[in-house]
Amino acid sequence: MGALKRSNAFLFFIFILMKPRELAKAYEPKEYEDKIYAAWEQSGFFNPDKLKAKAKPFVISMPPPNATGVLHLGHASALAYEDLMIRYHRLKGEQALWLPGTDHAAIATQTKVEKILAKEGTSRQKLGREKFLERVKEYVATSQGTIRNQTRKMGSSCDWSRERYTFDDGLSRAVAEAFVRMYNDGLIEKDYRIVNWCPRCASTLADDEVEYQENDAQLYYIKYGPFVVATTRPETKLADTGVAVHPSDKRYKKYLGKILDIDLAGHKIKVKVFADQAVDPEFGSGAIGVTPAHSAVDFDFAQKNKLEIIKLIDENGKILKSGGKYQGLDVNQARQAFVKDLQAAGQIEKIEAYKNNLSLCYRCNTPIEPLTSEQWFVRVNKKIPKRNKTLKQLATEAVKSGEIKILPDRFNKIYYHWMNNLHDWCISRQIWWGHRIPVWYKQDEIYVGSEKPKGAGWVQDPDTLDTWFSSALWTFSTLGWPDKTKDLKNYHPTSVMETGYDIIFFWVARMILMTEYIFGEKPFETVYLHGMIRDKDGRKMSKSLDNGIDPIAMSEKFGTDALRLSLIIGSAPGADLRVYEEKIAGYRNFVNKLWNISRFIFTSVGNVKTVKTEPQPKTLADKWILSEFNNLVKEISLDLDKFKFSPAGEKLYDFTWNKLADWYLEIAKIEGSKDQILLYILERLLILWHPFTPFVTELLWEQFGQKEMLMIKSWPQANKIDKKSTDYFSQLQNIVIKIRNLKVENKIPPKELPACQLESKIFTKNDLQVIAKLSRITLVANLAKAKSFSLGSTKGRINLAKELSVKERQNLENYIKATEARLKNKNFVDNAPAQVIAETKTRLAEAKNKLK
RNA sequence: GGAUGUUUAGCUCAGUUGGUUAGAGCAUCUCGUUUACACCGAGAGGGUCGGGGGUUCGAGUCCCUCAACAUCCACCA
């Protein structure tokens with residue numbers, strides 16, 4: 001056992017330095033993780049410019065977590081996959097850049113701070129715009145700190161020197177620049193349209209920011225001139241300007257094109273009767289009262305049929321002057337009062353129970369009020385000047401052409417479908433926390449530009465931009481755009497966008513749309529969509545169910561490496577993943593196993609050092625383990641290149657525990673003198689594991705006393721695989737297992753070493769000794785009265801009383817019967833490939849042999 | 001209403017273009033401290049692959065159909 005030499009000249013290893021003998025019996029992640037992370041961070045290698053990389057850059061923009069809360073398991077899983085990719089590509093010698101950042105998350109953040117203010121008994125209105133924004137900034141600063149620390153805790157090797165925030169000056173400039181360009185191209189326009197309005201947020205919402213919830217409602221049938229009109233919202237009838245019927249509905253043909261005066265409990269309205277295919281003549285009375293100002297469908301009717309648009313409900317949910325005597329009431333009060341009046345007037349035919357979908361704000365769950373308003377829109381169906389294509393077409397083609405690959409590919413279809421049905425995107429919001437719209441007004445003039453115009457009297461548009469507008473620029477705004485920076489040239493387009501499938505529309509689609517517009521180029525090559533994290537029963541983790549698992553607590557309890565494994569192994573792109581403590585504990589056990597394998601190797605070799613080239617194998621076991629290792633390197637490299645993280649992890653796990661530990665280390669104890677091979681494999685195994693379990697591998701690597709950290713070593717190359725040795729070795733394993741079985745079945749205690757005679761054409765004397773030690777028998781030259789067995793080309797006799805178990809015999813007999821029948825089947829013999837027939841015959845012979 | 005996914009051992013999941021007697025981890029049972037590890041080792045039991053039908057010499061795998069669960073989109077006068 002040689003003492004370790006290490007160089008003090010290198011600052012990388014500022015954490016606890018230990019000599020091999022001092023490795024604790026069990027790995028205690030808590031003692032090391034923070035120190036290891038600090039050492040990585042100080043080394044500077046999270047920054048790709050510090051790497052001596054020769055290969056192409058590999059870039060991931062970290063999806064910015066909302067600056068509102070704490071890291072949950074969803075973030076932890078995303079960080080695990082992203083860090084896995086980044087570390088793998090860094091080890092492959094690429095310029096790996098993982099750019100972290102946070103998002104100002106306009107509505108989400110504002111809502112959160114408003115809740116805090118409400119608890120303090122104040123409100124944003126009471127504070128005023130300036131003071132309120134100060135409060136939000138304070139809040140964001142605190143939660144950003146939390147997010148940063150928790151991201152570090154997960155071992156994320158991201159380049160903190162490039163950290164960005166959507167509210168940075170640079171990014172804000174990018175937002176303004178993008179707006180101005182789109183405005184100048186006529187792709188952003190102000191328009192008076194129907195929008196989704198959240199009365200609590202006092203702001204518009206985009207179509208995909210509205211959620212639906214089934215709701216028990218009442219359907220009122222109202223006597224309405226010559227019609228009976230059914231509605232769940234009687235109060236809106238106060239602003240009806242049309243009645244729609246089906247074109248072939250004979251009942252109403254005579255009214256088509258006419259303008260009728262209708263009296264609703266004394267409230268007078270004028271409605272134009274028109275026909276539309278969309279009307280279902282079977283529903284209710286087959287006539288729809290049309291309220292253009294407060295229903296998206298009705299607004300379309302109004303556009304098509306030139307109906308008057310009367311706004312009835314204001315931005316606070318109160319009835320306007322157009323509502324006559326109901327003016328000033330809020331919507332619910334107005335409904336009650338109006339229904340009462342209608343009933344008194346005998347105009348309510350009936351009221352039925354009815355299930356409908358209530359539209360809710362995705363941030364605060366307040367019911368949405370559709371209303372007309374003047375807002376800024378991105379025109380997705382308008383041709384871009386000089387390109388003769390719409391934004392929608394650009395974004396669709398980027399995926400259709402194969403330029404961008406989405407994993408799993410079934411999301412292509414979902415993406416196309418969404419893109420196809422995309423309407424103009426309302427981007428102005430009336431909330432305060434966000435990027436101000438870069439538009440200034442002076443009487444009749446309008447100025448659009450990234451800077452305030454010169455001269456006095458200009459007033460900036462009070463509205464802010466949809467948070468997704470700035471997020472859509474994320475892959476390039478973080479690299480310095482609109483400036484022509486070196487980073488932009490080197491690192492854009494990025495390589496992989498790793499994110500949850502729940503925000504494919506909100507974010508992924510909009511990044512593609514905006515990047516294709518601005519650069520005529522994709523934002524990323526591959527989209528890897530991970531699934532949602534669920535509890536053991538498959539339920540979403542939520543505060544109300546109290547079934548959430550805190551990643552930080554799990555990291556403290558089991559170690560970050562174990563947590564990461566539990567998130568990586570067993571997961572597939574697009575598939576939800578169940579996570580629970582027992583699973584994490586299982587991987588904690590594995591990490592400890594890896595620790596002890598290393599501990600065994602470090603303490604049993606004469607001198608701990610790295611081994612440059614593959615050592616010459618001496619025994620069958622040596623040839624086998626090297627072949628298995630080379631095969632492992634080959635396979636997991638292929639898996640990782642194809643984003644198959646879970647299979648790669650499983651193969652590593654299987655090799656480490658079931659091959660290296662269970663067989664080779666045991667044989668090493670028997671055969672001895674395996675320092676070179678053990679060190680050769682361990683060194684490289686730590687590299688292979690590093691992207692999965694960065695902490696423990698870096699710590700163990702320290703034992704080699706090298707100047708460089710494991711993080712920047714080179715990914716191993718696969719050498720030759722010796723097929724004959726793997727075949728022979730599996731025969732050796734089968735014999736050992738066979739003998740162990742025979743011993744257990746015959747109730748021979750493990751300590752007893754029954755006499756056994758072994759004859760083989762392929763095994764050396766040494767191999768037979770290995771078999772004897774592993775299976776715990778005494779090898780003898782001759783054994784007269786004994787149970788005989790045979791496996792492959794090896795025959796054995798062992799001193800046991802009992803025969804094959806009844807079940808074993810039964811299985812063999814069944815198998816032989818079935819196989820013989822198959823071989824007699826003319827169809828099989830004529831049609832199956834010769835190789836399959838030959839294999840079947842061989843297996844049959846083996847089975848018969850066993851029965852003897 | 002449209003679309004997608006899932007259904008394999010008690011639990012969580014693998015099973016690549018159809019081809020060994022369907023695998024792993026956890027859990028269970030038996031035995032066990034031998035040069036690292038009880039967060040361990042050796043061994044065992046446990047599955048008519050959601051139901052039905054079809055194609056094929058051969059189906060967990062391909063096709064049809066039904067069912068349950070989940071998710072997304074659209075719409076709801």
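These values consider heavy atoms only, across backbone and side chains, with no hydrogens, waters or symmetry-generated copies. In what follows, chains carry the letters A, B, and so on, assigned in the order in which the sequence lines appear, proteins first and then strands, with residues in each chain numbered from 1. Treat the numbers as computed from the prediction; the structure is a model and nothing was measured.
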When the [atom1] atoms of [M] and [N] are compared, how many Å lie between them, rounded to an integer?
N      : M      : atom1 : answer
A22(B) : C49(B) : C1'   : 8 Å
A3(B)  : U56(B) : C1'   : 32 Å
G47(B) : U65(B) : P     : 32 Å
G10(B) : G45(B) : P     : 15 Å
G51(B) : A67(B) : C1'   : 7 Å
G53(B) : C26(B) : P     : 38 Å

Rounded to the nearest Å, what distance is computed from the [atom1] atom of residue [X] to the [atom2] atom of nucleotide [N]?
X         : N      : atom1 : atom2 : result
Asp276(A) : C75(B) : CG    : C1'   : 15 Å
His423(A) : C75(B) : NE2   : C1'   : 11 Å
Ile504(A) : C72(B) : CD1   : P     : 13 Å
Ile601(A) : U35(B) : CD1   : C1'   : 13 Å
Leu422(A) : C73(B) : CG    : P     : 13 Å

Centroid under 5.5 Å and tilt under 30°, Tyr815(A) to U21(B): yes
[X] vs [N]: side-chain N/O to OP1/OP2 distance below 4.0 Å:
X         : N      : answer
Asn741(A) : A44(B) : yes
Arg776(A) : G43(B) : no
Lys413(A) : U4(B)  : yes
Trp657(A) : C40(B) : no
Arg578(A) : C13(B) : yes
Lys747(A) : G43(B) : no
Arg410(A) : G5(B)  : no
Asn589(A) : C40(B) : yes

Cation-pi, Phe828(A) ring and Arg822(A) (6.0 angstrom, 45 degrees):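 Judged by the rule, Arg822(A) and Phe828(A) form a cation-pi pair.
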Cation-pi geometry met for Lys669(A) and Phe600(A) (6.0 Å, 45°):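 Ring-cation test returns yes.
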Tell me if the side-chain of [X] makes a donor-acceptor pair with the base of [N], cut-off 3.5 Å, by modelled atom types.
X         : N      : value
Asn357(A) : C76(B) : yes
Glu666(A) : A42(B) : no
Lys593(A) : C39(B) : no
Lys540(A) : A70(B) : no
Arg843(A) : U20(B) : yes

Salt-bridge test for [X] and [Y]: reply yes if a basic N is under 4.0 Å from a carboxylate O, no otherwise.
X         : Y         : result
Arg233(A) : Glu369(A) : yes
Asp535(A) : Arg578(A) : no
Glu820(A) : Lys824(A) : no

What contact category does [X] fall into here, base, sugar-phosphate, or nothing, at under 4.0 angstrom with non-hydrogen atoms?
X         : answer
Thr232(A) : sugar-phosphate
Ile737(A) : sugar-phosphate
Ile597(A) : base
Arg588(A) : base
Pro647(A) : nothing
Ala244(A) : nothing
Lys536(A) : sugar-phosphate
Asp502(A) : nothing
Val290(A) : nothing
Tyr354(A) : sugar-phosphate
Lys583(A) : sugar-phosphate
Lys743(A) : nothing
Tyr580(A) : sugar-phosphate

Any donor-acceptor N/O pair, Arg564(A) side chain to Thr693(A) backbone, under 3.5 Å: no
Side-chain donor or acceptor of Glu209(A) paired with backbone N/O of Ala206(A) under 3.5 Å: yes
Selection from [options] that lies nearest to any side-chain heavy atom of [X]:
X         : options                : answer
Val836(A) : G43(B), C57(B), G19(B) : G19(B)
Arg534(A) : G25(B), G19(B), U71(B) : U71(B)
Glu650(A) : U35(B), A14(B), C76(B) : A14(B)
Asn592(A) : C39(B), C40(B), A36(B) : C39(B)
Arg822(A) : G19(B), A42(B), C75(B) : G19(B)
Val744(A) : C75(B), G43(B), C39(B) : G43(B)

Watson-Crick/G-U partner (both atom distances under 3.5 Å) of [N]:
N      : value
G58(B) : none
G23(B) : C13(B)
C40(B) : G32(B)
G47(B) : none
U71(B) : A3(B)

Short side-chain donor-acceptor distance under 3.5 Å, Thr560(A) and Ser555(A):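 Judged by distance alone, the side chains do pair up.
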Spatial distance of atom CZ (Phe692(A)) from atom CG (Asp561(A)) [nearest 0.5 Å]: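 If I round to the nearest 0.5 Å, the distance is 12.0 Å.
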Plane angle bin for Trp657(A) and Phe590(A) - parallel if under 30°, tilted between 30 and 60°, otherwise perpendicular: tilted
RNA chain B: 5'-proximal contact among Ile288(A) and Phe505(A) (nearest heavy atom):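 Closer to the 5' end of RNA chain B: Phe505(A).
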5'-most by nearest nucleotide on RNA chain B - Ala287(A) or Asn596(A):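 Between the two, 5'-proximity favours Asn596(A).
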